[in-house]
Amino acid sequence: MGATSGMGREVAKILAEKGWMLGIAARREKKLKELQSLFPQQIEYQVIDIEKEDAPQLLRSLIYKIGGMDLYFHGSGVGWHNKELEPSTELKTCSTNVLGFTRMVDAAWHYFREKGDGHIAVISSIAGVKGLGPAPSYSATKSFDNTYIQALAQLSRSTILENGKRLKIRFTDIRPGFVDTPLLDTSKHHYPMLMKPEKVARKIVRAIERKKRTAIIDFRYRILVFLWRMIPGFLWERVKLG
Ligand SMILES: NC(=O)c1ccc[n+]([C@@H]2O[C@H](COP(=O)([O-])OP(=O)(O)OC[C@H]3O[C@@H](n4cnc5c(N)ncnc54)[C@H](OP(=O)(O)O)[C@@H]3O)[C@@H](O)[C@H]2O)c1
């Protein structure tokens, strides 16, 4: 999901190169077609808008087209700087990153619940670790995504199937730092430690293959997150971010 651009597109390309059968989706059909034409034997596509109520049914039909699903990868998301707290920007971010995210992750969970096992991998962000003044809804929605995946991981472990076996759904929460994709407006803002999407996608695929529960990309951001976590709330609220 989110294979038309940025990290989602790069991850899809790597998985296809590795021989996976893929069902790719997002809103822009032209981009989906372009990617499909690179691997016509391995890729099926479906236009899906995760903000729409028919998205879970469309995901089901895509799963049917490719003959089943072992991994659901969620790379769809939006985000903006919004120091002006422009309401429609804040709400749009919530709609995609919270409502759309929940809708699709739940759809994948229900599919794997019926199947008995599976793997759900999502791109959230390091932005979910703390509230970020320049991007309030972005950081808050990413925090939601982190917590939601944790909740589902706990729920899955405690779910006993009709055949008496435990439900085995793996979860991978991928939390990159800044990545040079269309999501960032590099003409207006400076982003330190900016990473190339191709390189980040390779690390994402490695984390998925190793079935890591959480993957902060890369090591510099692991250090940054460690330091951020040590800062108490009253001090954090006095930090000035650009
Ligand atoms: N870039 C960064 O620095 C960074 C850092 C950490 C985390 N992330 C997160 O990584 C994820 C991917 O972002 P990216 O940087 O690769 O950005 P991107 O290049 O802008 O890609 C975003 C993807 O999300 C899809 N999308 C957006 N709204 C959608 C909707 N309503 N329905 C279906 N698909 C939708 C887009 O496809 P369509 O427009 O075709 O629908 C596109 O494929 C996002 O969740 C982002 O928050 C990004």
Side-chain angles (χ1 to χ4, degrees), residues 1-14 22-36 45-56 58-59 62 72-82 89 91-105 107-108 121-130 132 134-135 137-146 148-149 172-186 188-201 203-204 207 214-218 220-222 224-225:
M1 191 62 59
T4 49
S5 169
M7 286 177 269
R9 182 180 150 82
E10 296 306 319
V11 166
K13 275 163 61 184
I14 296 173
L22 295 184
I24 58 169
R27 292 167 302 180
R28 284 170 290 172
E29 185 166 15
K30 194 166 163 257
K31 298 261 176 194
L32 292 170
K33 262 190 182 160
E34 264 170 35
L35 183 52
Q36 197 243 356
Y45 78 84
Q46 176 70 53
V47 174
I48 299 180
D49 182 344
I50 63 169
E51 291 178 69
K52 299 231 165 102
E53 282 187 10
D54 64 357
L58 293 172
L59 176 65
L62 182 57
Y72 174 73
F73 178 79
H74 192 93
S76 289
V78 294
W80 294 275
H81 262 68
N82 192 19
T89 303
L91 297 176
K92 173 76 179 166
T93 310
C94 294
S95 174
T96 310
N97 296 359
V98 173
L99 301 183
F101 179 91
T102 305
R103 181 175 288 120
M104 301 319 292
V105 169
V122 303
I123 308 185
S124 61
S125 172
I126 58 155
V129 172
K130 293 271 187 197
L132 303 176
S137 65
Y138 184 69
S139 54
T141 58
K142 293 299 174 177
S143 180
F144 173 93
D145 296 350
N146 300 153
Y148 200 77
I149 290 300
T172 302
D173 183 352
I174 299 142
R175 303 177 185 176
F178 291 129
V179 188
D180 193 3
T181 70
L183 185 122
L184 301 183
D185 190 351
T186 45
K188 271 200 200 151
H189 303 280
H190 169 68
Y191 297 94
M193 304 197 289
L194 196 60
M195 300 178 285
K196 290 265 160 255
E198 299 81 5
K199 200 171 166 194
V200 173
K203 289 181 189 292
I204 290 175
T214 307
I216 299 175
I217 302 171
D218 58 6
R220 297 165 301 172
Y221 286 99
R222 283 199 282 282
L224 187 74
V225 166

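This structure is a prediction, so every number in the text was calculated from the model and none was measured. What you see below is based on every heavy atom in this structure, not just the backbone, and it leaves out hydrogens, waters and symmetry mates. Both ligands and their constituent atoms are indexed starting at 1 by order of listing.
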From [options] - option closest to [atom] by heavy atom:
atom: atom 27 (C) of ligand 1; options: Arg27, Lys30, Arg28; answer: Arg27
atom: atom 26 (N) of ligand 1; options: Gly100, Ala135, Pro176, Ser76; answer: Ser76
atom: atom 33 (C) of ligand 1; options: Leu183, Ile48, Leu32; answer: Ile48
atom: atom 11 (C) of ligand 1; options: Gly75, Ala25, Ala26, Gly8; answer: Gly75

Of the protein's non-hydrogen atoms, which lies at the shortest distance from [atom], and what is that distance?
atom: atom 18 (P) of ligand 1; answer: Ser5 OG, 3.4 Å
atom: atom 16 (O) of ligand 1; answer: Met7 N, 2.9 Å
atom: atom 10 (O) of ligand 1; answer: Ile123 CG2, 3.2 Å
atom: atom 5 (C) of ligand 1; answer: Gly177 O, 3.1 Å
atom: atom 15 (O) of ligand 1; answer: Thr181 OG1, 2.5 Å
atom: atom 37 (O) of ligand 1; answer: Thr4 OG1, 2.8 Å
atom: atom 22 (C) of ligand 1; answer: Gly77 O, 3.7 Å

Derivation of the side chain to side chain contact (heavy atoms under 4.5 Å, CB included) call for Phe73 and Ile123: CA-CA 8 Å; Phe73 178 79; Ile123 308 185; 3.7 Å; yes
So is [X] touching ligand 1 or not, going by heavy atoms under 4.0 Å?
X: Pro182; result: yes
X: Lys142; result: yes
X: Glu51; result: yes
X: Tyr191; result: no

Ser124 contact mode with ligand 1 (heavy-atom cut-off under 4.0 Å): backbone
Indicate yes or no: does an N/O atom of [X] lie under 3.5 Å from an N/O atom of ligand 1?
X: Leu184; answer: no
X: Val179; answer: yes
X: Tyr138; answer: yes
X: Gly6; answer: yes
X: Ile50; answer: yes
X: Val78; answer: no
X: Met1; answer: no
X: Thr96; answer: no

Phe178 neighbourhood, listing ligand 1 atoms whose heavy-atom distance to it stays under 4.0 Å: 3 (O)
Proximal atoms of ligand 1 relative to Asp49 (non-hydrogen, under 4.0 Å): 30 (C), 31 (N), 32 (N)
Would you say the side-chain atoms of [X] pair up with the backbone N or O of [Y], donor to acceptor, closer than 3.5 Å?
X: Thr93; Y: Thr89; result: yes
X: Ser143; Y: Ser139; result: no
X: Arg222; Y: Ile216; result: yes
X: Thr141; Y: Tyr138; result: yes
X: Arg103; Y: Ile50; result: yes

Salt bridge present between Lys92 and Glu51 (N-O < 4.0 angstrom): yes
Distance, nearest 0.5 Å, that separates NZ of Lys30 from OG1 of Thr4: 12.0 Å
Distance (rounded to the nearest 0.5 Å) between Leu58 CG and Leu62 CG: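 CG of Leu62 is found 9.0 Å from CG of Leu58.
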Check: Phe178 and Pro192 side chains under 4.5 Å, non-hydrogen atoms: yes
Pair Tyr72, His74: side-chain N/O donor-acceptor within cut-off below 3.5 Å: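 Side chains of Tyr72 and His74: pair found under 3.5 Å.
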Over all atoms of both residues, closest heavy-atom pair of Asp49 and Ala55: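 Heavy atoms only, the tightest pair is O-CB, 3.5 Å.
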Side chain to side chain contact (heavy atoms under 4.5 Å, CB included) between Leu184 and His189, worked out: CA-CA 8 Å; Leu184 301 183; His189 303 280; over 6 Å; no
Candidate list Leu99, Val105, Asn97, test side chain to side chain contact (heavy atoms under 4.5 Å, CB included), partner Phe101, passing option: Val105
Neighbour count above 12 (heavy atom, 6.0 Å) for Lys130 NZ: yes
